[in-house]
Enquirer: 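Once you've had a glance at the structure underneath, I'll fire off some questions.
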Amino acid sequence: MKERACKECKRLTDLEVCPVCKGQTSPDWIGYIRIVNTEESEVARRLGIQTRGRYALKVR
Ligand SMILES: [Zn+2]
């Protein structure tokens, strides 16, 4: 089964509701990044990501 991505925080999950922000998730997303260390990641800062995990780059 394809993973889904949260429309609010872009976190990847199998659930229909994001376990982190309770936002709606979508099966329609493109690319993902793995955030290991939020403090040292330029990308995480740019996307406003505060917790480790995998995030979609684009969610529709
Ligand atoms: Zn979320």
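As the structure lists them, so they are numbered: ligands from 1, and atoms in each ligand from 1.
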Enquirer: Under a 3.5 Å distance rule, please check whether Thr25 uses its side chain to pair with a backbone N or O of Leu15 as donor and acceptor.
Expert: yes
Enquirer: Answer yes if Val20 and Val17 sit in the same cluster of Ile, Leu, Val, Met, Phe, Trp and Tyr residues linked by side chain heavy atoms under 4.5 Å apart, and no otherwise.
Expert: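 Not linked; separate clusters.
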Enquirer: Closer than 2.8 Å to the Zn ion (ligand 1), what protein N/O/S atoms do you find?
Expert: Cys6 SG, Cys9 SG, Cys18 SG, Cys21 SG
Enquirer: Tell me whether Arg34 contacts the main-chain N or O of Arg52 through its side chain, where contact means a donor paired with an acceptor under 3.5 Å.
Expert: no
Enquirer: Do Leu12 and Val59 sit in one hydrophobic cluster, given that two such residues count as connected whenever their side-chain heavy atoms are within less than 4.5 Å of each other, even indirectly?
Expert: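 Yes; tracing contacts between hydrophobic side chains, which count when under 4.5 Å, links both residues.
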Enquirer: Take Ile30 and Arg60, measure what side-chain contact (heavy atoms from CB on, under 4.5 Å) needs, and give me the verdict at the end.
Expert: CA-CA 9 Å; Ile30 303 168; Arg60 280 185 290 219; 4.0 Å; yes
Enquirer: Using side-chain heavy atoms (C-beta onward) and a distance below 4.5 Å, is Asp14 in contact with Glu3?
Expert: yes
